[in-house]
Q: 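Here you go, one structure.
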Amino acid sequence: MAAAAVALSNGSGGDSKAEFAEIYSRLKEEMLEDPAFEFTDESLQWIERMLDYNVLGGKCNRGLSVIDSYKTLKGVDVLRKEETFLACTLGWCIEWLQAYFLVLDDIMDNSQTRRGQPCWFRVPQVGLIAVNDGIILRNHISRILQRHFRGKPYYVDLIDLFNEVEFKTASGQLLDLITTHEGEKDLTKYNLNVHRRIVQYKTAYYSFYLPVACALLLSGENLDNFGDVKNILVEMGTYFQVQDDYLDCFGDPESIGKIGTDIEDYKCSWLVVQALEHADESQKGILLENYGKSDPESVAKVKDLYKELDLETAFHKYERESYNKLIADIEAQPSKAVQKVLMSFLEKIYKRQK
């Protein structure tokens, strides 16, 4: 097992993390032995390194959520071996999907680092080969699903689910890219509807809905019967991103593990959208003059304006109202097990500091 995979099992999460880490190694070996392609030694080494570099290294929250949600839906603390394997495999498919998005996202954003190391495309000898690596990562998901789920009654539903979530996420990324085009800075494009749409499609579906949908399919459920659950999870994902936007500016860098750069990066953040909505003409002038500039003085002026507009209080009001609405929507769900799954997601993110 790769060293990085072993490291996943050390920490909170108990047996789930250990089991999850173990199954990565098995899935990786299967991809390296895929009979559909005649691998050379060099290509095998490349793919193994690429997988360890990009699929591993994150917190694996999305993948682990499949296992936790499945256990809750089944009402058990321990799954049978076959059930554990299938839940972990779907969890890893989501981590593969995340890796695929991030590899390509970093190229589009011309980013420098990811998870504390250089972005994959910035690694010597990789460069734009990373585009093809992204395509390989996406194809691995199809190969894994075919290998382990083809005989299952919900196989087609799984394929449809991953395809739909990928399409939604890529479309959200498009909206984000064309709204924040470099060289075409135009704050008039930014409003709450645009922000919500970007967040909903770019983040909420694959981060919040996909893990629960996978668990529901494993449990033999029909996703058509869980439209309300989808809406609640997408709402939760939207709330999560608004929190992220808030913490980027007002969070403690020690706690969140990074220094926020949304102002410098001209991001369509919840804070700037709120500022535009509540600012008078002279305050809008300060925003137009300073938003998207990387010098500390300009950043400070934007942050001062946020404080002047009391956006911290506005966020806490939004947080409270979102939480109360989510609780009411969750309690309206007929299934106690589904309620428990949704509450576990909400508890993890409510009033988080990082």
Side-chain angles (χ1 to χ4, degrees), residues 58 98 101-122 130 134 169-204 206-207 237-277 279 283-309 311-312 314-315 352-354:
Q98 162 85 336
F101 288 146
L102 295 184
V103 165
L104 298 182
D105 197 41
D106 286 342
I107 297 169
M108 288 181 266
D109 289 347
N110 202 26
S111 299
Q112 296 292 327
T113 59
R114 167 74 63 186
R115 294 169 174 170
Q117 58 185 1
C119 297
W120 178 240
F121 80 101
R122 294 201 178 274
T169 308
S171 300
Q173 170 73 343
L174 172 67
L175 187 57
D176 192 18
L177 289 166
I178 63 177
T179 305
T180 58
H181 248 317
E182 268 190 69
E184 289 182 28
K185 293 182 174 177
D186 180 7
L187 280 178
T188 61
K189 287 183 179 177
Y190 291 3
N191 59 57
L192 272 175
N193 284 338
V194 168
H195 175 267
R196 182 180 180 80
R197 198 170 291 152
I198 291 171
V199 168
Q200 183 179 321
Y201 287 101
K202 189 180 170 182
T203 304
Y206 92 92
S207 296
T238 304
Y239 161 61
F240 178 85
Q241 185 59 51
V242 172
Q243 274 183 322
D244 222 47
D245 292 353
Y246 171 80
L247 290 170
D248 184 273
C249 179
F250 292 110
D252 174 12
E254 287 291 312
S255 297
I256 61 176
K258 64 177 182 178
I259 296 167
T261 59
D262 283 1
I263 294 169
E264 295 94 317
D265 296 343
Y266 204 76
K267 283 284 165 71
C268 183
S269 150
W270 184 83
L271 291 170
V272 77
V273 164
Q274 289 293 327
L276 286 164
E277 203 162 274
Q283 289 169 324
K284 277 184 185 167
I286 292 169
L287 266 183
L288 293 167
E289 178 63 33
N290 295 285
Y291 200 72
K293 291 185 178 173
S294 53
D295 63 285
E297 199 180 326
S298 294
V299 173
K301 283 180 182 173
V302 174
K303 287 190 177 183
D304 286 344
L305 179 60
Y306 287 170
K307 284 173 185 162
E308 195 182 313
L309 293 166
L311 293 189
E312 288 186 78
F315 168 73
R352 70 189 173 98
Q353 297 300 313
K354 58 183 182 178

Q: For Asp105 and Gln173, which heavy atoms make the closest approach, and how far apart are they?
A: OD1-NE2, 2.5 Å
Q: Is a donor on one side and an acceptor on the other found under 3.5 Å between the side chain of Tyr306 and the backbone of Glu312?
A: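 Side chain of Tyr306 to backbone of Glu312, a donor-acceptor pair under 3.5 Å: no, none is there.
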Q: Using 0.5 Å steps for rounding, measure from the SG atom of Cys268 to the CG atom of Asn191.
A: 7.5 Å
Q: Any chance you could measure Thr188, atom OG1, to Leu276, atom CG, to the nearest 0.5 Å?
A: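 CG of Leu276 is found 9.0 Å from OG1 of Thr188.
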Q: Does the side chain of Lys202 reach to within under 4.5 Å of the side chain of Leu175, using non-hydrogen atoms?
A: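 No; the side chains remain at least 4.5 Å from each other.
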Q: Going by the rule side-chain hydrogen bond (donor to acceptor under 3.5 Å, both in side chains), which residues pair with Gln274 if we only count those two or more places apart in sequence or in a different chain?
A: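 Residues passing side-chain hydrogen bond (donor to acceptor under 3.5 Å, both in side chains) with Gln274: none at all.
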Q: Counting C-beta onward and ignoring hydrogens, is there a side-chain heavy-atom pair between Tyr201 and Thr169 closer than 4.5 Å?
A: no
Q: Between atom CG of Leu104 and atom CG of Asp109, what is the distance when rounded to the nearest 0.5 Å?
A: 11.0 Å
Q: Glu277: which residues meet the side-chain hydrogen bond (donor to acceptor under 3.5 Å, both in side chains) condition with it, sequence neighbours left out?
A: none
Q: Measure across Gly237 and Val199 and return the closest heavy-atom pair with its distance rounded to 0.1 Å.
A: O-CG1, 4.1 Å
Q: Between the side chain of Asp262 and the main-chain N/O of Asp248, is any donor-acceptor distance below 3.5 Å?
A: no
Q: Thr261: which residues meet the side-chain contact (heavy atoms from CB on, under 4.5 Å) condition with it, sequence neighbours left out?
A: Glu264, Asp265
Q: Output all residues satisfying ring pair (Phe, Tyr, Trp, His ring centres under 6.0 Å) with Tyr246, sequence neighbours left out; order by chain, then residue number.
A: Phe250, Phe315, His316
Q: Please name all residues satisfying side-chain hydrogen bond (donor to acceptor under 3.5 Å, both in side chains) with Asp245, sequence neighbours left out, ordered by chain then number.
A: His195, Gln241
Q: According to ring pair (Phe, Tyr, Trp, His ring centres under 6.0 Å), who are the partners of Tyr206, at least two apart in sequence or on a separate chain?
A: Phe101
Q: Quick one: side-chain contact (heavy atoms from CB on, under 4.5 Å) partners of Leu102, sequence neighbours excluded?
A: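 So Leu102 forms a side-chain contact (heavy atoms from CB on, under 4.5 Å) with Gln98, Arg114, Arg115.
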Q: For the residue pair Ile107 and Ala130, what are the closest heavy atoms and their distance?
A: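 That closest heavy-atom pairing would be CD1-CB, 3.8 Å.
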Q: What distance do Asp106 atom CG and Trp120 atom CH2 have between them, rounded to the nearest 0.5 Å?
A: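 Going from the CG atom of Asp106 to the CH2 atom of Trp120 covers 12.5 Å.
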Q: Counting only heavy atoms not in Arg197, do more than 12 sit closer than 6.0 Å to its CZ atom?
A: no
Q: Rounded to the nearest 0.5 Å, how far apart are CD1 of Ile263 and CG of Asn290?
A: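 The CG atom of Asn290 is 9.5 Å from CD1 of Ile263, to the nearest 0.5 Å.
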Q: Could you pull out all residues at least two apart from Gln117 that satisfy side-chain contact (heavy atoms from CB on, under 4.5 Å)?
A: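 Checked Gln117 against side-chain contact (heavy atoms from CB on, under 4.5 Å); matches are Tyr53.
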Q: Please tell me if the side chains of Tyr291 and Ile286 come closer than 4.5 Å, counting only heavy atoms from C-beta onward.
A: no
Q: Can you measure from SG (Cys249) to NZ (Lys307) and round to the nearest 0.5 angstrom?
A: 7.0 Å
Q: Looking at residues at least two apart in the chain, or sitting in another chain, which of them share a side-chain contact (heavy atoms from CB on, under 4.5 Å) with Glu297?
A: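 Checked Glu297 against side-chain contact (heavy atoms from CB on, under 4.5 Å); matches are Asp295, Lys301.
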Q: Apply side-chain hydrogen bond (donor to acceptor under 3.5 Å, both in side chains) to Trp270 and list each qualifying residue two or more places apart in sequence or on a separate chain.
A: none
Q: State, yes or no, whether a side-chain contact exists between Thr179 and Val194 at a heavy-atom distance under 4.5 Å.
A: yes
Q: Suppose we screen for salt bridge (charged side-chain N to carboxylate O under 4.0 Å, His left out). Which residues come up paired with Lys293, at least two apart in sequence or across chains?
A: Glu289
